[in-house]
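Atoms considered below: every heavy atom in the structure, side chains included; atoms not considered: hydrogens, waters and symmetry mates. One is the number of the first residue; the rest follow in order along the sequence. Because the structure is predicted, anything quoted here is derived from the model rather than measured.
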Amino acid sequence: MATTAASSLQMATSRPCISSSRRAFVSSAAMLNGNFKLASWTKLSSACHIASAQPFHRSFTSSSLKMDKFVTKAMAGASENKPASGLPIDLKGKRAFIAGVADDNGYGWAIAKSLAAAGAEILVGTWVPALNIFESSLRRGKFDESRVLPDGSLMEITKIYPLDAVFDNPEDVPDDIKTNKRYAGSSKWTVQEAAESVKSDFGSIDILVHSLANGPEVVKPLLETSRKGYLAALSASSYSYVSLLKHFLPIINPGGSSISLTYIASERIIPGYGGGMSSAKAALESDTRVLAFEAGRRKGIRVNTISAGPLRSRAAKAIGFIDMMIDYSSANAPLQKELSAEEVGNTAAFLASPLASAITGGVIYVDNGLNAMGVGVDSPIFEKLDIPKAQH
């Protein structure tokens, strides 16, 4: 079954307590306080000269809270004439392959953009049925606004590759997919073929990003999920990462980094995040630890996953209650603000950089701290308690 471009779908489906072919993808963040996302990107720019390709900026305000967000700076380092200030994230000379970008408003796009802002070259893998629309939107400039980098240049995607990470090699592809008109005109889109194509075109990469998830029965409670739907969720959302790393590992330079996206439903009950997706995320996190050991011992590759909070992405909105999830997070997280995709992207840039050289096998929470909460403090049960509110 085909994989959707996923960072958003992976976390889209539920949200009670703790949230969930030729170039690179990144998702972009929402607008806070009416301040366009570009504002914080501008902060990122002073010392870098990079390109980025991000689709349209979506601007959303958190329901009732207006609190400035705190953003980690990702920068390319020193310019020719002056040294960089602070501790820069410098990925100049590095090449990243981001699997699972098909528009400009998900976590994959945001990660691509942050990596580009830090100097990395961007390659992207796009789900085959979405490939033509994605490439067309890029050509027509539909994403130009969201491609803007800190220095005012546009993120450039060096190459976009067709990819369906549900299939490891051509022999795995069933006849009904081979003859499906949505796949017509595309070739070499299995995981093995994509890795071979990248090797042929560029020789090697330094950063691998898995931003994929799909659960065909995600709206069903687990007790109503079929075996087929459950296994499809695991195949698209967790084993796809094992397959990607397996096939790309030979071309990842020693000391490189591999990153995926997970969601708190892996360890907490999130009603509505069904169809086996919570199990898929739990498997992804377990696999992250094992892969960190195996890839670390073989080539010194670091493997981590980011547990991101809810995002108003296109895929997430399709689930139906993403607004409710975001409101819940804003009301109950230690940091009362809406999470931006940029914050997840900047975390990925840090994990991919030498600054994170001793971090591997970890689940990194980027959710305003919601994962730390044991109860929802917006419950009527706590109405008589003097619970601190965000200062405006």
Side-chain angles (χ1 to χ4, degrees), residues 3 5-7 21-27 50-54 91-104 106-128 130-131 134-135 138 155-169 186 188-213 240-261 288 291 295 299-306 344-345 348-349 351-353:
T3 337
S7 29
S21 303
R22 312 164 157 78
R23 276 179 190 154
F25 310 86
V26 184
S27 63
I50 318 130
S52 146
Q54 184 172 354
L91 297 176
K92 291 193 300 294
K94 304 297 184 182
R95 181 178 297 117
F97 181 86
I98 300 110
V101 182
D103 60 33
D104 69 334
Y107 283 132
W109 176 272
I111 291 172
K113 193 170 178 182
S114 289
L115 294 176
E121 179 181 12
I122 304 299
L123 311 177
V124 164
T126 299
W127 187 45
V128 184
L131 181 63
F134 182 62
E135 291 186 313
L138 278 173
M155 173 178 76
E156 295 296 337
I157 296 174
T158 302
K159 188 164 184 177
I160 300 171
Y161 292 87
L163 176 68
D164 192 330
V166 164
F167 304 107
D168 295 332
N169 52 60
S186 294
K188 298 182 178 179
W189 43 259
T190 63
V191 177
Q192 175 186 310
E193 292 172 304
E196 290 171 348
S197 294
V198 172
K199 180 180 180 180
S200 175
D201 293 339
F202 298 97
S204 65
I205 64 172
D206 303 279
I207 303 161
L208 177 66
V209 177
H210 176 278
S211 180
L212 299 163
S240 59
Y241 186 41
V242 176
S243 179
L244 270 175
L245 191 51
K246 171 185 175 180
H247 288 93
F248 275 85
L249 187 63
I251 65 169
I252 300 178
N253 291 321
S257 176
S258 184
I259 301 164
S260 65
L261 290 163
T288 293
L291 292 172
K299 295 190 69 175
I301 307 300
R302 294 175 291 108
V303 182
N304 293 288
T305 188
I306 297 173
V344 172
L351 290 172
S353 78

side-chain hydrogen bond (donor to acceptor under 3.5 Å, both in side chains) partners for Ser258, two or more places apart: Tyr241

Would you please name every residue forming a side-chain contact (heavy atoms from CB on, under 4.5 Å) with Lys188, sequence neighbours left out? Glu193, Ser197

Short question: side chain of Thr190, backbone of Phe167 - any donor-acceptor pair under 3.5 Å? no

Heavy-atom pair with the smallest gap, counting every atom of Ala348 and Ile111: CB-CG2, 3.7 Å

Can you tell me how far CD of Gln192 sits from CZ of Phe248, rounded to the nearest 0.5 angstrom? 11.0 Å

Side chain proximity check, Lys246 to Val191, heavy atoms < 4.5 angstrom: no

Let me confirm one number: the CD1-CG distance from Ile252 to Leu208, rounded to the nearest 0.5 Å. 5.0 Å

What residues form a side-chain hydrogen bond (donor to acceptor under 3.5 Å, both in side chains) with Ser257, not counting sequence neighbours? none

Give the intermediate values and the outcome of side-chain contact (heavy atoms from CB on, under 4.5 Å) for residues Leu163 and Trp127. CA-CA 5 Å; Leu163 176 68; Trp127 187 45; over 6 Å; no

What's the separation between atom CG in Leu291 and atom CD1 in Ile301, rounded to the nearest 0.5 Å? 12.0 Å

Contacts of Asp201 that satisfy side-chain hydrogen bond (donor to acceptor under 3.5 Å, both in side chains) - sequence neighbours left out: Lys159, Tyr161

Is there a donor-acceptor pair closer than 3.5 Å between any side-chain N or O of Lys199 and the backbone N or O of Ile251? no

OG1-CZ distance between Thr126 and Phe134, expressed to the nearest 0.5 angstrom: 5.0 Å

Evaluate the side-chain proximity of Leu131 to Ser186: yes if any heavy-atom separation is below 4.5 Å, no if none is. yes

Value for NE2 (His210) from CG (Leu245), rounded to nearest 0.5 Å, stands at 10.5 Å

Any donor-acceptor pair under 3.5 Å from Lys299 side chain to Leu249 backbone: yes

Please check this pair: side chain of Arg95 against backbone of Leu123, looking for a donor-acceptor N/O pair closer than 3.5 Å. no

Scanning both residues in full, the closest heavy-atom pair of Ser211 with Leu261 reads OG-CD1, 3.5 Å

Would you say Phe97 and Val209 make side-chain contact, with heavy atoms under 4.5 Å? no

What's the spacing between Ile259 CD1 and Leu115 CG if we round to 0.5 Å? 6.5 Å

Would you check, one step at a time, whether the test side-chain contact (heavy atoms from CB on, under 4.5 Å) holds for Thr158 with Phe202? CA-CA 10 Å; Thr158 302; Phe202 298 97; 3.6 Å; yes

Within a strict 4.5 Å, meaning less than it, do heavy atoms of the Asp206 and Leu91 side chains meet? no

